[in-house]
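Heads up, the thing below is written out as structure tokens.
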Amino acid sequence: MRDAKSILYERLSVAFSEVSLGADPVLRPSAHADFQVNGALALAKSLGRNPRELAESIVAGCDLTDVCEAVEVSGPGFINLRLSESFLVSQALQMASDSGLGVGGGQEGSRGRVVVDYSAPNVAKEMHVGHLRSSVIGDALCRLLEREGYDVIRENHVGDWGTPFGMLIEHLVDVADGGAVEELTVSDLDAFYREARTCFDSDEEFAERSRRRVVKLQSGDRETLDLWRLLVAESMRHFEEVYSRLGVLLTPEDVVGESYYNSMLDSLVEDLDDLGMLVEDDGAKCVFPPGFTNRDGEPLPLIIQKSDGGYGYAATDLAAIRDRVDDKGAKRIVYVVGAPQAQHFAMCFAVARAAGWLPDDVEAVHVEFGNVLGSDRKMFKTRSGETVKLIDLLDEAVERAVSAISERGDSVSSGIESVARMLGIGAVKYADLSTERTRDYMFDWERMLAFEGNTGPYLQYAHARIRSIFRKGGVEGADVTIVPVIRDERERALLVALVGFGAAVSEAVATYSPSKLCAYLFDLATTFTSFYEGCPVLNAPDAESRGSRMLYCEMTARVLADGLGLLGIEAPEQM
RNA sequence: GCCCCAGUAGCUCAGUGGAUAGAGCACCGGCCUCCGGAGCCGGGAGCGCAGGUUCGAGUCCUGCCUGGGGCGCCA
């Protein structure tokens with residue numbers, strides 16, 4: 001389905017091009033109309049013409065009568081557009097009769113293959129709050145991209161390889177007597193990791209054994225690999241539990257850990273060498289991509305192979321690019337990784353481009369995000385200063401949601417546990433998704449669980465309330481074959497908001513910004529509330545109006561549930 | 001020292017070079033005997049500082065201030 005904005009943009013672009021080839025109409029949402037067109041002002045300036053006159057002539061040469069009921073030149077040369085009722089109604093009918101609410105358009109997967117790299121926890125460590133944003137944002141982006149018609153491949157680049165495993169395995173050998181190894185749980189592993197670290201830092205003999213163990217691991221020693229697999233398997237169970245609790249789509253099939261690329265690294269170095277890009281510096285094999293300097297203004301290396309022969313994460317990331325382009329057929333690679341990694345990815349992309357591994361028609365994007373902060377504006381920690389475990393955070397979210405529901409005295413027929421889970425988890429995810437992702441955001445239980453303001457619970461409640469109208473009216477849903485009517489400005493405002501859903505989704509995808517979809521949903525919910533305040537639905541003055549308003553309610557509920565769904569948040573029918 | 005990101009109302013946040021900078025919370029004042037108070041309507045209060053580009057700057061450029069991050073063998 002073509003949304004209003006894209007239809008208008010296309011028509012206006014033609015009209016503007018007739019005046020000056022390729023001129024941008026600068027179509028924008030407006031407080032003065034449904035849309036405003038600002039392009040005439042800049043164009044008039046560059047052509048040395050009067051902006052109002054130019055705007056008038058563009059309006060005269062552009063037929064929008066099937067879409068707009070009013071096209072007016074205003075102020076110094078703005079063009080204000082008001083959508084026609086017949087257009088709004090036809091858009092609404094198309095949406096209502098489409099199970100996908102008119103979002104997307106193309107065939108499933110028709111817009112190309114996209115690899116999305118997100119979450120990326122580490123083996124032998126519990127997932128913590130630091131993994132929250134990548135998991136939640138990455139998952140929302142996957143859902144959004146899929147809906148827009150992309151063929152999405154999720155990849156979980158877990159840290160399952162490298163030097164830490166030497167000390168972990170060696171410590172395992174030290175403490176394991178018989179069956180104790182099989183009893184190992186992840187919770188133990190977190191403490192286990194710290195113990196291993198301590199031994200490594202304080203015991204030179206242990207450290208040496210660890211280093212030898214790394215070599216054994218990399219050379220494929222059977223006993224070592226068995227111990228390694230034990231650590232990996234236990235960690236995977238833990239990741240599964242967290243993803244399930246969090247409602248993240250990642251599965252074990254999506255795991256492509258660092259170890260996967262191990263066998264590709266020797267040839268990667270050879271290829272870089274053959275290309276003449278490799279420079280040995282202090283015993284390390286490096287590439288110096290142009291434009292990057294260190295603190296002394298000297299060229300900054302991307303270290304491919306360390307002086308001890310081991311590989312760093314740059315090698316793995318480069319191998320991953322080759323794998324994703326050559327073997328997975330990606331036309332776009334999206335990395336949902338924190339902002340501090342910006343320089344690392346910029347360097348990796350630069351090297352991959354220079355090596356010809358990342359062709360010009362393949363896009364690589366670092367979707368960066370800021371930190372989660374506590375109320376003290378410092379990194380979010382527990383009261384005692386410890387890293388917050390993700391599983392504990394999610395448990396607390398659900399507990400707090402139970403209290404919130406109980407305090408409100410809501411009767412929940414489907415079970416408070418189920419609703420509390422949707423509310424609590426939804427609140428955490430929505431709080432994360434609704435702020436502009438490059439900024440740090442403050443983690444605040446009270447605010448995210450509030451039923452007022454731009455929160456998950458607010459939108460879930462809005463949805464549940466609308467559903468309750470139908471229950472009360474004794475009907476399953478609205479009759480989607482009914483032709484809606486507009487008799488009130490509030491009905492019109494709601495309709496305008498509803499038909500903007502597709503554009504909101506497109507915008508969120510184009511900028512990798514779930515927060516834009518959040519803003520849209522919040523606006524829709526508040527617009528609905530104004531409508532609902534002034535326009536009785538079940539008590540509408542006549543059958544035609546009642547049916548029409550039921551349709552508005554139905555569509556609003558569907559858009560809210562669908563929009564939340566695209567963010568990875570569930571919307572209960574009752575709460 | 002160099003580079004990157006951020007600085008918007010008392011607080012938390014929106015804001016694709018366009019008209020009078022918007023929400024929510026908190027505060028103040030009205031309204032609703034009605035579909036679950038997500039109430040509804042209205043009010044006060046703000047772009048870190050200084051220049052510049054532009055018909056027009058929160059948005060672009062330069063400098064400065066504040067905070068966070070990065071800057072060779074952890075990943």
Side-chain angles (χ1 to χ4, degrees), chain A residues 26-32 36 38-39 41-42 44-45 51 74-78 80 120 122 157 159 161-164 258 281-286 292-308 310-314 316-317 338-344 346 368 370-371 373 375 377-379 408 410-411 431 434-436 438-442 444 446-448 450-455 457-466 468-469 471-473 507 510-511 515-516 518-519 522-523 525-526 528-530 532-540 549 553 574-575:
Chain A
V26 193
L27 179 65
R28 297 283 185 267
S30 175
H32 302 85
Q36 66 181 49
N38 306 328
L41 287 99
K45 179 69 181 176
S74 169
F78 300 107
N80 287 342
N122 292 310
H157 194 85
W161 202 251
T163 45
E258 292 172 340
D281 200 86
D282 272 349
K285 289 176 177 157
C286 312
F292 296 90
T293 52
N294 68 9
R295 69 185 76 212
D296 300 318
E298 295 156 358
L300 187 66
L302 190 65
I303 295 175
I304 310 297
Q305 190 169 19
K306 297 183 285 184
S307 53
D308 67 0
Y311 292 104
Y313 74 146
T316 310
D317 280 333
Q341 300 296 323
Q343 185 175 256
H344 166 73
E368 57 188 76
N371 294 314
L373 306 179
S375 53
R377 285 236 152 248
K378 302 245 174 76
M379 293 288 278
R408 288 166 51 83
D410 289 335
S411 61
S434 59
T435 51
E436 207 278 316
T438 58
R439 287 177 57 130
D440 294 347
Y441 81 94
M442 194 178 284
D444 182 335
E446 297 274 321
R447 192 169 291 117
M448 73 176 72
F451 285 75
E452 300 86 34
N454 189 11
T455 70
Y458 172 83
L459 293 176
Q460 289 168 320
Y461 190 61
H463 171 261
R465 279 290 303 278
I466 298 170
S468 84
I469 296 167
R471 279 192 298 276
K472 173 137 186 156
E507 182 70 15
T511 57
S515 67
K516 293 189 193 289
C518 294
F522 181 62
D523 176 68
T526 53
F528 178 85
T529 316
S530 290
Y532 193 57
E533 184 78 9
C535 304
V537 177
L538 296 175
N539 307 323
R549 286 173 181 175
C553 291
Q574 284 185 67
M575 55 189 276

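Since this is a predicted model, take the numbers as computed values, not measurements. Letters go in sequence order (proteins before strands), and every chain restarts at 1. Scope of the values below: all heavy atoms of this structure, side chains included, with no hydrogens, waters or symmetry mates.
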Legend entry - Nearest heavy atoms of A/Arg549 and A/Pro536, plus distance in Å: NH1-O, 2.8 Å
Inset, instruction - Assign A/Glu533 to base, sugar-phosphate, or nothing according to its heavy-atom contacts below 4.0 angstrom with the strands shown. - result: base
Legend entry - P gap between B/U62 and B/C5, integer Å: 11 Å
Inset, instruction - Answer with base, sugar-phosphate or nothing: what part of the nucleic acid does A/Arg549 contact at a heavy-atom distance below 4.0 Å? - result: nothing
Inset, instruction - Treat a base pair as Watson-Crick or G-U wobble with both distances under 3.5 Å, then lay out RNA chain B in dot-bracket form, 5' to 3', with | for cross-strand pairs. - result: (((((((..((((....[...)))).(((((.......)))))....(((((..]....))))))))))))....
Inset, instruction - Scan A/Phe522 against the nucleic acid and name what it touches under 4.0 Å (heavy atoms): base, sugar-phosphate only, or nothing. - result: sugar-phosphate
Legend entry - Partner residues of A/His463 under the ring pair (Phe, Tyr, Trp, His ring centres under 6.0 Å) criterion, sequence neighbours left out: none
Inset, instruction - Take the protein atom CD of A/Glu452 and the nucleotide atom C1' of B/A38, then report the distance between them rounded to whole Å. - result: 8 Å
Legend entry - Between C1' of B/C13 and OH of A/Tyr441, the distance in whole Å: 13 Å
Inset, instruction - Give A/Pro536 one of three labels, base, sugar-phosphate or nothing, depending on what nucleic acid heavy atoms sit under 4.0 Å from its own. - result: base
Inset, instruction - Assign A/Leu300 to base, sugar-phosphate, or nothing according to its heavy-atom contacts below 4.0 angstrom with the strands shown. - result: sugar-phosphate
Inset, instruction - Identify whether any heavy atom of A/Lys472 sits under 4.0 Å from a base atom; if not, whether one sits that close to sugar-phosphate; answer base, sugar-phosphate or nothing. - result: sugar-phosphate
Legend entry - Between CE on residue A/Met575 and CZ on residue A/Arg465, distance to nearest 0.5 Å: 11.0 Å
Legend entry - Footprint string (nucleotides 1-11 of chain B, 5' to 3'): B base within contact, S backbone only, - free, heavy atoms under 4.0 Å: B-----SB--S
Inset, instruction - Using the C1' atoms only, state how far B/G17 lies from B/U53, rounded to an integer number of Å. - result: 12 Å
Inset, instruction - Using atom CG of A/Leu302 as one end and atom P of B/G70 as the other, report the distance to the nearest whole Å. - result: 17 Å
Inset, instruction - For atom CD of A/Glu446, decide whether the heavy atoms of other residues, nucleotides or ligands shown that lie under 6.0 angstrom number more than 12. - result: no
Inset, instruction - Provide, to the nearest angstrom, the distance between the CZ atom belonging to A/Phe292 and the C1' atom belonging to B/G70. - result: 12 Å
Inset, instruction - Report yes if at least one side-chain N or O of A/Arg377 is closer than 4.0 Å to OP1 or OP2 of B/U66; otherwise report no. - result: no
Anything under 3.5 Å between a protein N or O and an N or O of nucleotides 18-20 of chain B, put it in a table, one pair a line.
{"residue": "B/G18", "atom": "O6", "partner": "A/Ala42", "partner atom": "N", "Å": "3.4"}
{"residue": "B/A19", "atom": "N7", "partner": "A/Gln36", "partner atom": "OE1", "Å": "2.9"}
{"residue": "B/A19", "atom": "N7", "partner": "A/Gln36", "partner atom": "NE2", "Å": "3.3"}
{"residue": "B/A19", "atom": "N6", "partner": "A/Gln36", "partner atom": "OE1", "Å": "3.3"}
{"residue": "B/A19", "atom": "N6", "partner": "A/Asn80", "partner atom": "OD1", "Å": "2.4"}
{"residue": "B/A19", "atom": "N6", "partner": "A/Asn80", "partner atom": "ND2", "Å": "3.3"}
{"residue": "B/A19", "atom": "N1", "partner": "A/Ser74", "partner atom": "OG", "Å": "3.0"}

Inset, instruction - Mind checking A/Ala464 for me? I need base, sugar-phosphate or nothing, with any heavy atom below 4.0 Å counting as a touch. - result: base
Inset, instruction - For A/Cys535, answer base if it contacts any base atom (sugar-phosphate contacts may also be present), sugar-phosphate if it contacts only those atoms, and nothing otherwise; contact means non-hydrogen atoms under 4.0 Å. - result: base
Inset, instruction - Using a heavy-atom cut-off of under 4.0 Å over every strand shown, decide if A/Lys285 touches base, sugar-phosphate, or nothing. - result: nothing
What's touching nucleotides 41-49 of chain B from the protein side, N or O pairs under 3.5 Å?
{"residue": "B/C41", "atom": "OP1", "partner": "A/Ser530", "partner atom": "OG", "Å": "3.2"}

Inset, instruction - Take the protein atom CE of A/Met379 and the nucleotide atom C1' of B/G67, then report the distance between them rounded to whole Å. - result: 14 Å
Could you go over nucleotides 73-75 of chain B and give all protein N or O partners under 3.5 Å, atom names and distances?
{"residue": "B/C73", "atom": "O2", "partner": "A/Ser307", "partner atom": "N", "Å": "2.8"}
{"residue": "B/C73", "atom": "O2", "partner": "A/Ser307", "partner atom": "OG", "Å": "3.4"}
{"residue": "B/C73", "atom": "N4", "partner": "A/Asp282", "partner atom": "O", "Å": "2.9"}
{"residue": "B/A75", "atom": "OP1", "partner": "A/Lys306", "partner atom": "NZ", "Å": "3.4"}
{"residue": "B/A75", "atom": "O3'", "partner": "A/Glu258", "partner atom": "OE1", "Å": "3.1"}
{"residue": "B/A75", "atom": "O3'", "partner": "A/Glu258", "partner atom": "OE2", "Å": "2.3"}
{"residue": "B/A75", "atom": "N6", "partner": "A/Tyr313", "partner atom": "OH", "Å": "2.9"}
{"residue": "B/A75", "atom": "N1", "partner": "A/Gln341", "partner atom": "NE2", "Å": "3.4"}

Inset, instruction - Check whether any side-chain nitrogen or oxygen of A/Tyr532 sits under 4.0 Å from OP1 or OP2 of B/G36, and answer yes or no. - result: yes
Legend entry - Closest contact, heavy atoms only, A/Tyr458 versus A/Glu452: CD1-CA, 4.3 Å
